[in-house]
Amino acid sequence: MGSSPSSDAPPAAPAAPLIRFGTFVFRYRDWVVPACIAAVVLTSTPRPDADPWLDLVGVLVACTGQALRVLVIGLAYIQRGGKQKTIAADRLVVDGIFAHSRNPLYVGNFLLMSGLMLSWNSPAGYALLAAVAVTLLAMTRAEETFLRGKFGREFDAYCARVPRFLPNPRGLRATLARFDFDWKRVLRKEYGTTFSWTSAMLLLLGLQRVDRLGLAAAQPALARLALVWLAIASLWATARWLKKSQRLVSPD
């Protein structure tokens, strides 16, 4: 026989420190990483044996993260920004890439940061990368606590079949075939992120060359990087104009 809730039930246990940290940093997540990158650049220099091949690896890793984010947003987008930068979710999204990883956008973000720090190639950068990994885990745990409290067994079942981070490729072809890819949503949601990380990458590559060659000798390379940035800035401005002029409207 079931029993009725008791008024003497113990209060809910306080959140673990990692979850409290994740809830706190979630509010400021848009500013934490840029501030940390700036701190790394201002307080460290790239290793003197910088390898141009490592720059290429960094760019490829970052592009992989960008490709994952594009795939996620184009298939089944999820919003947990909530109100006033607090965790919120109207529904539990389990479609698209979320059927293969519970946090694919965080995986994409970590790949973006990994690419930047590989290109910079300094001990401080790698320390920052470790801190970013802990921060992403903390935000993930905070989100999981919220989602478990709101969706209960539905969320537990989702966790049981889908890994937290590393995407499970099984059934990916069927997932891609089931959805119409929404390029308008990708442009509307992602143009800012793309512009930010590519600008950061070009800045780091430029500073790296100045540090290695000196300002005078690095000027030809800096001019080429500036031309690439101008092209990217033009694409960003075009995407922003399309968004503001309501030419990128699509179902969310």
Side-chain angles (χ1 to χ4, degrees), residues 11-44 58 61-62 64-66 68-70 72-73 77-94 97-98 101-120 122-151 155-156 158-159 162-167 189-201 203-204:
L18 188 65
I19 296 174
R20 292 199 302 270
F21 173 65
T23 302
F24 169 78
V25 79
F26 189 91
R27 290 188 173 188
Y28 307 103
R29 65 194 186 282
D30 293 339
W31 301 102
V32 169
V33 170
C36 290
I37 292 176
V40 167
V41 170
L42 292 173
T43 60
S44 70
V61 168
T64 301
Q66 178 66 84
L68 178 59
R69 285 183 57 88
V70 166
V72 173
I73 296 170
Y77 187 58
I78 185 171
Q79 284 185 310
R80 290 180 189 159
K83 297 179 179 180
Q84 298 179 347
K85 298 294 186 179
T86 58
I87 301 170
D90 296 329
R91 63 188 180 91
L92 184 63
V93 178
V94 298
I97 303 303
F98 291 97
S101 168
R102 302 202 309 265
N103 299 279
L105 288 174
Y106 283 169
V107 175
N109 291 344
F110 184 73
L111 290 173
L112 290 178
M113 178 58 67
S114 297
L116 292 172
M117 292 302 100
L118 281 170
S119 293
W120 186 244
S122 78
Y126 296 131
L128 170 62
L129 194 58
V132 168
V134 173
T135 301
L136 290 177
L137 177 60
M139 289 195 294
T140 298
R141 293 292 301 276
E143 288 186 0
E144 289 176 347
T145 299
F146 169 84
L147 294 171
R148 183 167 285 110
K150 183 166 185 177
F151 299 105
F155 180 70
D156 288 335
Y158 175 55
C159 292
V162 178
R164 176 180 281 161
F165 290 118
L166 190 63
K189 301 290 187 181
E190 193 65 2
Y191 75 96
T193 297
T194 304
F195 178 68
S196 296
W197 82 257
T198 52
S199 296
M201 178 66 79
L203 175 63
L204 294 180

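- Among the candidates Leu111, Val61, Thr194, the single residue satisfying the side chain to side chain contact (heavy atoms under 4.5 Å, CB included) test with Gln66 is Thr194.
- Atoms CZ and OG1, from Phe155 and Thr145 in turn, are 8.5 Å apart once rounded to the nearest 0.5 Å.
- By the side-chain contact (heavy atoms from CB on, under 4.5 Å) test, Phe110 pairs with Ser114, Leu129, Val132, Ala133, Leu136, sequence neighbours left out.
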Exercise for the section: Please step through side-chain contact (heavy atoms from CB on, under 4.5 Å) for the pair Glu143 and Phe26, ending with a clear verdict. Expected result: CA-CA 9 Å; Glu143 288 186 0; Phe26 189 91; 3.2 Å; yes

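- Put simply, the side chain of Ile73 reaches to within 4.5 Å of the side chain of Leu105, judged on heavy atoms.
- Going from atom OG1 of Thr135 over to atom CZ of Phe21 covers 4.0 Å, rounded to the nearest 0.5 Å.
- Looking only at side-chain heavy atoms (C-beta outward), Arg148 and Cys159 come within less than 4.5 Å of each other.
- We find the OG1-CD1 distance between Thr23 and Ile87 to be 4.5 Å, quoted to the nearest 0.5 Å.
- With sequence neighbours excluded, the residues that form a ring-ring contact (aromatic ring centres under 6.0 Å, His included) with Phe24 are Tyr28.
- Shortest non-hydrogen contact noted between Pro104 and Leu68 is O-CD2, 3.4 Å.
- Evaluation of the side-chain contact (heavy atoms from CB on, under 4.5 Å) rule for Ala200 yields Leu116 as partners, not counting sequence neighbours.
- Distance check: Phe151 CZ to Arg91 CZ gives 9.5 Å after rounding to the nearest 0.5 Å.
- When the side-chain contact (heavy atoms from CB on, under 4.5 Å) test is applied to Thr193, the partners found at least two apart in sequence or on another chain are Arg69, Leu112, Glu190.
- Nearest heavy-atom pair across Leu128 and Ile37 is CD2-N, 4.1 Å.
- Looking at every heavy atom in both residues, Ala62 comes nearest to Trp197 through CB-CZ3, 3.4 Å.
- Nearest heavy atoms, Val40 versus Ala124: CG2-O, 4.0 Å.
- One distance of note links CG of Leu203 with OG1 of Thr198; it measures 11.5 Å at 0.5 Å rounding.
- Note: Trp31 CH2 to Cys36 SG = 13.5 Å, rounded to the nearest 0.5 Å.
- Two residues are said to be in side-chain contact when any heavy atoms from C-beta on lie closer than 4.5 Å; Val41 and Leu204 meet this criterion.
- Scanning for side-chain contact (heavy atoms from CB on, under 4.5 Å) contacts around Thr140 gives Asn103, Tyr106, Glu144, Arg164, Phe165, with sequence neighbours left out.
- Not counting sequence neighbours, the partners of Ser122 by the side chain to side chain donor-acceptor pair (under 3.5 Å) test are Ser44, Trp120.
- Contact of the Val162 side chain with the Phe98 side chain is not registered, since no non-hydrogen atoms from C-beta on lie closer than 4.5 Å.
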